[in-house]
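Since the structure comes first, as structure tokens, the remarks are kept for the end.
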Amino acid sequence: MDTGTVVWGADPIDAPMVGGVSGETLAELREEVDAVKHFILDLPDDVPVAVEYVFELPGVSPEELATYRETITQLSRHLREAGLSDEDSAALLGTPGVLAQALPRSA
């Protein structure tokens, strides 16, 4: 649903230029960051730039999110190694719908 509301914002840390980008969704925010990261860092386009996203959400610490990501990645790997389908893994973990589609597929 397009509400026209900016929900996500990104500000560079320790960059030579100030400014930030925003988006209604995380996907849109990532696109915006990708489009301006070389400009903000004053680097040529052929220089690789890795971006680390640190999320600040009311009531949820960045550490809690990182721990959750690590745990779900490990669980997903173990469930796949055990032969469970993505659908069964999502049902077992209680992550139906969109979240089930986002389960990490790392080996």
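All values below come from the heavy atoms of this structure, side chains included, with hydrogens, waters and symmetry mates left out. The model shown is predicted, which means the values in this text are computed figures rather than measured ones.
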Could you tell me which non-hydrogen atom of [X] sits nearest to which non-hydrogen atom of [Y], and how far apart they are?
X     : Y     : value
Ala10 : Val33 : CB-CG2, 3.9 Å
Leu41 : Pro16 : O-CG, 3.6 Å
Pro12 : Gly20 : CD-CA, 4.3 Å
Ser89 : Leu79 : OG-CB, 3.5 Å

Only pairs at least two apart or in different chains count here, so list each side-chain hydrogen bond (donor to acceptor under 3.5 Å, both in side chains) that has a residue in residues 36-46.
Asp34-Lys37
Not counting sequence neighbours, which residues clear side chain to side chain contact (heavy atoms under 4.5 Å, CB included) with Asp88? List them please.
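Partners of Asp88 under the side chain to side chain contact (heavy atoms under 4.5 Å, CB included) test: Leu84, Ser85.
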Restricting to side chain to side chain contact (heavy atoms under 4.5 Å, CB included), what partner residues turn up for Phe55, sequence neighbours left out?
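Partners of Phe55 by the side chain to side chain contact (heavy atoms under 4.5 Å, CB included) criterion, ordered by chain and then number, come out as Trp8, Leu26, Arg30, Tyr53, Leu65, Arg69.
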Measure from the side-chain N and O atoms of Glu64 to the backbone N and O of Ser61, and report whether any donor-acceptor pair falls under 3.5 Å.
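Side chain of Glu64 to backbone of Ser61: a pair is present.
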Can you find a heavy atom in the side chain of Thr25 that is under 4.5 Å from one in the side chain of Val7?
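Thr25 does not reach Val7 side chain to side chain.
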Is it true that, when you exclude Leu57 itself, more than 12 heavy atoms of the residues, nucleotides or ligands shown sit nearer than 6.0 Å to its CG?
yes
Just how far is it from atom NE2 of His78 to atom OG1 of Thr73, taken to the nearest 0.5 Å?
10.5 Å
Check for me, please, whether Val36 and Val51 land in the same ILVMFWY cluster - side-chain distances under 4.5 Å, paths through other members count.
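As far as the 4.5 Å side-chain criterion goes, Val51 and Val36 are connected within one cluster.
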